[in-house]
2 protein chains.
Amino acid sequence: MGVTKSEIFTDQQNQVSTFAKAFAHPARVAILEHLFNLNACICGDLVEEIGLAQATISQHLKELKNLGLIKGEVEGTKVCYCIHQENWNKMKSVMTEFLTQDEKLKGSCC
Amino acid sequence: MGVTKSEIFTDQQNQVSTFAKAFAHPARVAILEHLFNLNACICGDLVEEIGLAQATISQHLKELKNLGLIKGEVEGTKVCYCIHQENWNKMKSVMTEFLTQDEKLKGSCC
DNA sequence: TCTACTTATCGTAATATTGCAATGAATTAA
DNA sequence: TTAATTCATTGCAATATTACGATAAGTAGA
C-alpha cells in the first residue's frame with residue numbers, strides 16, 4: 001500500500017496533481033521565483049541563494065526539468081537554467097481551469 | 001534527513017507549497033471536482049464515486065478540511081461536505097499570483 | 001434499549017520524498 | 001597533462017504520504 005492509484009482517476013486529475021506536486025515544495029517554488037525574477041538564466045547561485053546543499057538543489061532542478069517547466073543549457077563548467085515558457089503556459093492553463101471551477105458554483109449549500 | 005526546511009523560505013513560498021500539496025494527489029483533485037460539479041453538499045457517496053476505501057477518503061477529506069478548502073456539516077448519520085468559498089478564493093489569489101509571474105518575463109534567455 | 005448505518009480514528013504496512021556527504025563526469029585554465 | 005570548478009549521480013538515513021482493515025463514535029429508527 002502507500003501507492004497512489006493513478007489508474008482510477010482521469011487524465012486531467014492526474015495532470016493537475018502532477019503539476020501541483022512540482023509546487024508542493026517551497027524549494028521548488030523558490031527556484032522558479034528566482035528564475036522569473038532574474039529574467040535571465042541562472043546557474044548554481046541557487047545553491048547560495050537558497051540555503052540547501054548542492055545535491056539537494058540539483059535534485060529539485062531535475063524534477064522541474066523532467067516535468068518540462070524549466071530547461072538547462074551547459075555553458076562551460078556551469079549550467080544555465082531558465083523557464084520553459086511554452087510548457088509553463090500549458091501548465092498554467094491546466095491549473096487555471098482547475099482553480100476557476102468555483103465560477104460555476106451558484107451558491108454554497110452549507 | 002527528509003524534513004522540509006520551511007524556516008529558510010518566505011511565508012509566500014510556504015503558502016504556495018502548502019496549497020499545492022492539497023492538489024498534489026488525484027483523489028483530492030477528484031473530491032474537489034465532485035463538490036464543485038454537484039453544486040451541493042455531498043457526503044460519503046464520494047467513497048463510491050472514487051474507488052478508494054472509506055478510511056482513505058475520510059483521511060483526504062480531513063486534509064482538505066484542515067487546510068480550510070472545504071467544510072463539513074453533520075446531517076443525521078451523514079456528513080455533508082462542500083467548498084469553503086471564501087478560503088478557496090484566498091487560495092486562488094495566492095496560486096494565481098504565483099502562476100502568472102511569467103507575465104513579468106520579457107523573453108527567454110536560452 | 002438494540003440494531004443498522006455512516007463517518008472518524010487507530011494501527012500498520014508499503015512507498016515516496018527530502019536532504020546531504022561522497023563521488024563521478026565534464027569543462028576550463030594553467 | 002594536471003588541478004580547479006561546476007554540476008549530476010549515488011547511496012544512505014530520516015521523515016512524510018498513501019492506503020486499508022479494524023474499530024470506535026455518533027445518530028436514527030424499531
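For clarity, every value in this text was computed on a predicted model and none was experimentally measured. Chain letters run A, B, ... following the sequence lines, proteins first, then strands; residues in each count from 1.
By the 30° and 60° cut-offs, the orientation of the rings of Phe36(A) relative to Trp88(A) is perpendicular. In this structure, His25(A) and Phe9(B) have perpendicular ring planes: the angle between them is above 60°, well past the 30° mark.
Of the possible polar contacts, one joining the Gln101(B) side chain to the Phe98(B) backbone as a donor-acceptor pair under 3.5 Å is found. A donor-acceptor pair is defined here as one N or O able to donate and one able to accept, closer than 3.5 Å; no such pair exists between the side chain of Asn87(B) and the backbone of Leu69(B). With hydrogens and angles disregarded, a donor-acceptor distance shorter than 3.5 Å links the side chain of Thr18(B) to the backbone of Asn14(B). Side chain of Glu97(A) to main chain of Val94(A): no donor-acceptor pair is present (N/O by atom type, distance under 3.5 Å, no hydrogens or angles).
When the P atom of dG19(C) is taken as reference, atom CD1 of Ile31(A) falls 10 Å away, rounded to whole Å. The CD-P distance, from Glu75(B) to dT27(D), rounds to 14 Å in whole Å. Whole-Å rounding puts the Lys21(B) NZ to dT18(C) C1' distance at 10 Å. One atom, CG of Leu46(A), and another, C1' of dA8(D), lie 15 Å apart when rounded to the nearest Å. Counting to the nearest Å, the P atom of dA21(C) and the CG atom of Leu52(A) are 11 Å from each other. Rounded to an integer number of Å, the gap from CD1 of Ile8(A) to C1' of dA19(D) is 11 Å. The distance from atom CD of Glu73(B) to atom C1' of dG26(D) is 16 Å, rounded to the nearest whole Å.
Nearest heavy-atom pair across Leu99(A) and Lys92(B) is O-CD, 2.9 Å.
Looking at which nucleotide of DNA chain C each of His25(A) and Gly76(A) is closest to, the 5′-most match is held by His25(A).
Between His60(B) and dT17(D), a side-chain N or O to OP1/OP2 separation shorter than 4.0 Å is absent.
Residue contacts for Ile57(A): at a heavy-atom cut-off of 4.0 Å it reaches no nucleic acid atom on any strand shown.
Using a 4.5 Å cut-off on side-chain heavy atoms (C-beta onward), Ile70(B) and Leu35(B) make contact.
Axis angle, first five pairs versus last five pairs of the helix from dT1(C)-dA30(D) to dA30(C)-dT1(D): 10°, rounded to 10°.
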One character per nucleotide, please: for nucleotides 2-11 of chain C, 5' to 3', B when the base has a protein heavy atom closer than 4.0 Å, S when only the sugar-phosphate does, - otherwise. ----SBBB--
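Within the structure, the salt bridge (charged side-chain N to carboxylate O under 4.0 Å, His left out) test picks out the following pairs touching residues 24-37 of chain B (sequence neighbours left out): Arg28(B)-Glu63(B).
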